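Computed over heavy atoms, backbone and side chain alike; hydrogens, waters and symmetry mates excluded. Note that the structure is a prediction, hence the values are computed from the model and not measured. All chains are named by letter (A, B, ...) in the order of the sequence lines, taking the proteins before the strands, and each is independently numbered beginning at 1.
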Number of protein chains: 2
Amino acid sequence: MTTGGRIDKRQAILDGAFTVFAREGYAQACVQDIARESGVAKPTVYNHMTDKATLFVNALEVAAQTALAERIAALEPLAAPGDDLRATLDEVAHALLRLHTDSRSCALKRLLHSEINHFPDILEIVKESGPDRLNNALADRLARLALAGRLRAADPDLAAEQFMALLLGPLEARSRLGTRTLEDAELRTMAAAAVDAFLRAWATP
Amino acid sequence: MTTGGRIDKRQAILDGAFTVFAREGYAQACVQDIARESGVAKPTVYNHMTDKATLFVNALEVAAQTALAERIAALEPLAAPGDDLRATLDEVAHALLRLHTDSRSCALKRLLHSEINHFPDILEIVKESGPDRLNNALADRLARLALAGRLRAADPDLAAEQFMALLLGPLEARSRLGTRTLEDAELRTMAAAAVDAFLRAWATP
DNA sequence: CCGAATATGAACTCATGGGTTCAACGTAAC
DNA sequence: GTTACGTTGAACCCATGAGTTCATATTCGG
């Protein structure tokens with residue numbers, strides 16, 4: 001039934017679709033371009049997806065799942081933090097910053113924001129693979145640190161939320177809404193500043 | 001030359017344009033609808049603006065200026081903070097949260113993000129009336145507080161950036177990308193949490 | 001090698017909407 | 001009144017692009 005080729009084409013289409021939607025936005029993207037970008041003919045696109053709208057939603061969905069998985073993987077060092085908690089947090093913060101400044105991540109965020117009113121299904125994607133999931137995963141790690149006496153014990157969810165806020169909040173202005181590419185050195189500085197403030201607010205007194 | 005009526009029409013057009021763009025997005029909004037929303041005929045729109053693109057940019061520009069002015073005004077209490085610094089910060093934080101959850105503010109942010117790649121002029125708007133301006137105004141207030149010994153003296157710009165981050169970062173997830181309307185009680189809780197963390201990180205030791 | 005399923009490209013239909021034209025209509029200035 | 005200017009609504013032209021059709025080519029299982 002689903003031959004290998006079919007699955008490959010489907011992946012190629014979803015991938016190419018995200019690329020074009022990311023570059024053009026939903027309305028400005030045309031299916032012809034998506035087909036070209038995917039290395040596929042236009043009728044083939046309609047062979048796999050019923051219309052442009054579902055193509056859009058599906059493309060966003062896989063992009064969101066991929067992004068979430070990468071971000072959660074970046075929390076890994078917190079599972080076995082060394083003696084130097086600050087260094088571990090710096091490392092995780094820097095990795096998260098890199099992932100959040102990636103051009104596909106920025107585009108994903110842009111698309112989710114801009115089309116959320118036209119596509120109710122997008123809300124489901126956000127609940128399924130949005131920042132809440134990442135916050136929860138981070139809260140889990142922080143809770144274990146709190147239990148080990150290395151952080152304040154109060155409300156790991158709030159701690160996670162504020163860690164992410166301190167880290168990502170400054171991003172928007174610094175990157176000029178995703179226009180400017182930030183140097184790695186600048187990312188390290190931002191990560192260090194966020195971790196520093198976070199530890200002042202959340203380290204055990 | 002410019003009779004009173006002309007200016008009124010121009011304002012009405014810019015206002016109606018923002019309303020429709022906010023509801024539909026740039027590409028999906030049609031000039032006919034904008035004309036209807038503004039209580040004006042379609043050729044009148046083209047009488048004031050050369051084309052849809054400049055109409056869009058101008059509408060965004062006035063919306064951004066308005067939003068910035070409101071936000072800077074909300075910092076006013078910090079000019080003469082009472083004995084209770086926390087209470088003053090709570091008040092300002094709450095006011096800022098209300099302004100940032102306003103539906104027009106959310107729409108403005110959405111539009112800036114989603115069309116920044118198609119309209120280079122938007123970058124100018126962001127630099128002119130974007131978060132940097134608000135950060136600077138806040139940093140000024142915080143610098144005076146630091147000078148008065150009520151906050152750490154180091155880097156008021158960073159302090160302002162982190163205050164805004166702690167305040168607005170949690171907003172995105174909580175409001176489900178601007179979909180959910182937040183109750184005033186929830187805004188107060190969020191403001192208090194942000195101020196609490198900010199003071200732990202930035203109060204004089 | 002054959003046959004079924006899928007892919008292809010080109011051409012087609014049709015709806016949408018940006019931008020313009022024009023003749024008729026206020027309306028305010030003098 | 002008349003002159004000048006802005007507004008109006010309707011009709012119009014034209015480009016774009018979603019979605020389909022079909023005849024042909026390709027590919028893969030058996």
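Closest to the side chain of B/P43, out of C/dG19, D/dA18, D/dA10, is D/dA10. Distance from the side chain of B/V31 is smallest to C/dG18 among C/dG9, D/dT7, C/dG18. Nearest to the side chain of B/H48, among D/dT8, C/dA7, D/dT7, sits D/dT7. Nearest to the side-chain atoms of B/K9 among the listed nucleotides D/dT8, C/dT20, C/dT8 stands D/dT8. Nearest to the side-chain atoms of B/K42 among the listed nucleotides C/dG9, D/dG19, C/dT20 stands C/dT20. Relative to the side chain of A/T44, the nucleotides D/dA10, D/dT7, C/dA7 differ in distance, and C/dA7 lies closest.
In this structure, B/N47 places its CG atom 11 Å from C1' of D/dT8, rounding to the nearest Å. B/L55 places its CG atom 13 Å from the C1' atom of C/dG19, with the value rounded to the nearest Å. In this structure, A/I34 atom CD1 and D/dG17 atom C1' are separated by 12 Å, rounded to whole Å. Atom OH in B/Y46 sits about 16 Å away from atom C1' in D/dT8, given to the nearest Å. What separates CG of B/D51 from P of D/dA15 is a distance of 17 Å, to the nearest Å. Summarising the geometry, the separation between CD1 on B/I13 and P on D/dT8 is reported as 8 Å, rounded to the nearest angstrom. The interatomic distance linking A/Q32 (CD) with D/dG19 (C1') rounds to 12 Å, in whole Å. Going from atom CZ of A/R36 over to atom P of D/dG17 covers 11 Å, rounded to whole Å.
Across its full length, the helix from C/dC1-D/dG30 to C/dC30-D/dG1 shows an angle of 30° between the axes of its 5 terminal pairs at either end, rounded to 10 degrees.
B/R174 is linked by a salt bridge (charged side-chain N to carboxylate O under 4.0 Å, His left out) to A/E161, B/E186, counting only residues two or more places apart in sequence or in another chain. By the salt bridge (charged side-chain N to carboxylate O under 4.0 Å, His left out) test, B/R23 is found to be paired with B/E37, residues two or more places apart in sequence or in another chain being considered. A/D121 meets the salt bridge (charged side-chain N to carboxylate O under 4.0 Å, His left out) test with no other residue; sequence neighbours excluded.
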Using residues 84-91 of chain A as the side-chain source, report each donor-acceptor pair under 3.5 Å to any protein atom, sequence neighbours left out, with the distance given to one decimal.
{"from": "A/D84", "atom 1": "OD1", "to": "A/R86", "atom 2": "N", "distance (Å)": "3.3"}
{"from": "A/D84", "atom 1": "OD1", "to": "A/A87", "atom 2": "N", "distance (Å)": "3.2"}
{"from": "A/R86", "atom 1": "NH1", "to": "A/D196", "atom 2": "OD1", "distance (Å)": "2.8"}
{"from": "A/T88", "atom 1": "OG1", "to": "A/D84", "atom 2": "O", "distance (Å)": "3.2"}

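A donor-acceptor contact closer than 3.5 angstrom links the side chains of A/D51 and A/T54.
With respect to B/K109 and B/E172, a salt bridge is recorded, a charged nitrogen being found less than 4.0 Å from a carboxylate O. Between B/D102 and B/R98 there is no salt bridge, since no side-chain nitrogen of the basic residue lies less than 4.0 Å from a carboxylate oxygen of the acidic one.
Considering CG of A/L182 and CE of A/M190, their distance stands at 6.5 Å, rounded to 0.5 Å.
Contacts between residues 20-30 of chain B and DNA chain C, defined by a heavy-atom separation under 4.0 Å, are made by B/A29, B/C30.
Between A/F119 and A/Y26, the angle of the ring planes goes over 60°, which puts this pair in the perpendicular group of the 30/60° scheme.
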